[in-house]
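Data block below; observations after.
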Amino acid sequence: MYKRILVANRGEIALRIIRACRELGIETVAVFSEADRGASYVELADEAYCIGPAKSAQSYLKVDQVISAAEVGNVEAIHPGYGFLSENSHFNEVCRSCKIDFIGPSPEAMDLLGDKNRARSMARDAGVPIVPGSDGLIENEEMATQVAHGIGFPVLIKATAGGGGKGMRVASNDLALKSALAQARAEAGAAFGNAGVYIEKYIERPRHIEVQVLADHHGNAVHLWERDCSTQRRHQKLIEESPAPNLPAETRSELCESAVRLIRSAGYTNAGTVEFIVDQDNRFYFIEVNARIQVEHPVTEMVTGIDLIKQQILIASGERLPFPQSDIEQRGCAIECRINAEDPDRRFQPGPGTIRRMMFPGGMGVRFDTHVFPGYTVPPHYDSMIGKLIVHQPTRGEAIACMIRALDELRIEGIPTTAPFHKRVLRHTDFVGGWIDTKFVERTFTGGD
Ligand code: MV4
């Protein structure tokens with residue numbers, strides 16, 4: 001087991017990783033930008049190094065600076081958290097050449113699945129359902145037209161280097177297809193340095209359901225059931241839950257087993273998420289793999305009782321998974337609300353600033369993962385998430401009631417937050433009925449688009 005780990009991240013996830021290390025008896029080294037000097041995670045780490053100015057591009061994204069801190073701090077491994085360098089295979093390779101374990105998949109698995117078109121053909125070969133579409137990358141307009149006529153409009157053009165909704169274009173006819181193709185190519189080339197695109201049938205009003213997986217270095221791979229992340233706005237998730245409501249048991253099993261088949265065939269190790277969309281008739285299709293721990297991982301931790309960060313560390317250090325698939329239960333219902341420093345009445349405009357006064361929610365089945373405290377100033381340089389409120393209850397109805405109660409207890413003064421918006425969503429009949437899809441927020445709430 002490791003003696004010392006560097007946490008290459010900030011905010012609540014840095015704190016979450018430090019907590020797991022503490023319980024495992026592992027020392028931690030934090031890194032921070034000039035804007036994060038007084039952060040709680042910096043105080044709670046055993047050692048901390050400043051790696052640059054406030055801007056992410058000059059600090060948390062600087063491979064050299066992070067590696068230097070790891071060398072000086074004399075760590076055996078780096079946990080990248082989510083965002084920043086977490087899915088950067090170059091960073092992953094640099095860690096390897098410096099003989100520092102990257103707590104995540106190998107650079108090879110990361111590259112393979114990071115290319116969405118390759119991941120798509122890998123899924124097809126593993127017998128995992130994919131959305132009808134092109135057989136590979138689109139070479140020219142004629143090929144795009146041929147594929148579109150084969151599957152029927154509307155179609156969706158996706159960047160192979162994209163993901164998370166970046167570089168996608170819908171087209172509903174031949175003329176629109178030609179301009180969408182040119183736009184998607186240009187956008188992908190500029191954003192990712194890779195203009196490769198592929199085409200899929202556009203699925204209307206899908207649900208976003210993802211499967212958490214863990215795989216060790218001894219050939220063991222398991223799933224930890226699914227999360228429904230359909231309650232989102234402009235590709236930013238707002239609420240995540242497990243189990244997915246109104247999902248037939250048979251679909252759930254097939255979905256989860258598909259995810260494990262894909263992960264095995266890709267030689268993927270550590271924690272990962274296999275993302276699917278599910279249509280109105282409960283047919284599911286593979287979309288992409290997220291090769292990192294995700295923001296919403298606590299939802300899975302609550303229903304399974306498994307600490308995913310500890311498992312990531314244990315797997316990276318060469319341990320075997322300590323449980324077979326048959327021991328992983330999905331017990332009760334967990335819901336997470338992302339608390340962002342944004343004003344829901346001003347189109348979710350970020351509102352950084354100082355928290356004058358705050359009260360934390362608590363009680364049975366309530367977990368609040370946050371790095372903020374009264375007097376803390378939310379810097380304007382990073383993502384606006386300031387905490388995650390997670391509840392776990394026997395049933396979905398009880399989880400919704402518990403979340404509303406916890407949101408009522410949560411008081412944050414001095415900055416706007418998304419907490420009031422969550423209460424409106426949780427009380428809406430469509431949410432209560434579990435009739436959610438990726439368009440639910442946009443069509444239901446003004447300012448939701
Ligand atoms: C789709 C789709 C409809 N049809 N693919 C967006 C993020 C990326 N991970 C995949 N996405 C989608 N792919 C086909 N063929 C609709 C979406 C989509 C979406 C997916 C998950 C969560 C939120 C979403 C919001 C809009 C569109």
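For the numbers below, each heavy atom of this structure counts, side chains included, while hydrogens, waters and symmetry mates do not. Predicted, not measured: the structure shown is a model, and the values here were computed from it. Just so you know, ligand 1 is whichever comes first in the structure, and atom 1 is the first atom listed for that ligand.
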Could you tell me whether some N/O pair between E288 and ligand 1 is separated by less than 3.5 angstrom? yes

Ligand 1 and Q232, any nitrogen or oxygen pair closer than 3.5 angstrom? no

For residues I5 and H79, report the shortest heavy-atom separation together with the two atoms involved. CG2-N, 4.1 Å

Near K201 (heavy-atom distance under 4.0 Å), the atoms of ligand 1 are 4 (N), 14 (C), 15 (N)

Exercise: identify the closest heavy-atom pair between M110 and S86: CE-O, 3.1 Å

What is the nearest protein non-hydrogen atom to atom 19 (C) of ligand 1, stated with its residue, atom name and distance? T438 CG2, 4.1 Å

At what distance, to the nearest 0.5 angstrom, does CZ of R292 lie from CG of L85? 13.5 Å

The protein heavy atom nearest to atom 2 (C) of ligand 1 is L156 CD2, 3.7 Å

Could you verify whether a donor N or O on one side chain and an acceptor N or O on the other, from T300 and Q212, lie under 3.5 Å apart? no

Of all protein heavy atoms, the one nearest atom 9 (N) of ligand 1 is E275 OE2, 2.7 Å

K439 and ligand 1 - part of the residue with a heavy-atom distance under 4.0 Å: neither

Please confirm whether E204 approaches ligand 1 to less than 4.0 Å, judged on its heavy atoms. no

Considering only non-hydrogen protein atoms, determine which one is nearest to atom 3 (C) of ligand 1 and report residue, atom name and distance to 0.1 Å. I203 O, 3.3 Å

heavy-atom search around atom 10 (C) of ligand 1 in the protein gives I287 CG2, 3.5 Å

Near V131 (heavy-atom distance under 4.0 Å), the atoms of ligand 1 are 15 (N)

Identify the protein heavy atom lying closest to atom 8 (C) of ligand 1, giving its residue, its atom name and the separation to 0.1 Å. G165 N, 3.7 Å

Looking only at protein heavy atoms, what sits closest to atom 18 (C) of ligand 1 is H235 CE1, 4.3 Å

Side-chain H-bond candidate by donor/acceptor type, T251 with N282, under 3.5 Å: no

Side chains of Q294 and R227, donor plus acceptor under 3.5 Å: yes

Decide whether Q349 and D343 meet the rule of one side-chain donor and one side-chain acceptor closer than 3.5 Å. no

The residue among R207, E240, E241 that forms side-chain contact (heavy atoms from CB on, under 4.5 Å) with C229 is E240

Within 45° of the ring axis of F445 and under 6.0 Å from its six-membered ring centre, is that where the NZ or CZ of R427 lies? no

I277 heavy atoms, cut-off 4.0 Å: which ligand 1 atoms fall inside? 1 (C), 2 (C), 3 (C), 4 (N), 5 (N), 14 (C)

Below the 3.5 angstrom mark, is there an N/O of Y202, backbone or side chain, next to an N/O of ligand 1? no

Any side-chain donor-acceptor pair under 3.5 Å between D383 and Y82? no

Nearest non-hydrogen protein atom, atom 21 (C) of ligand 1: H208 ND1, 3.2 Å

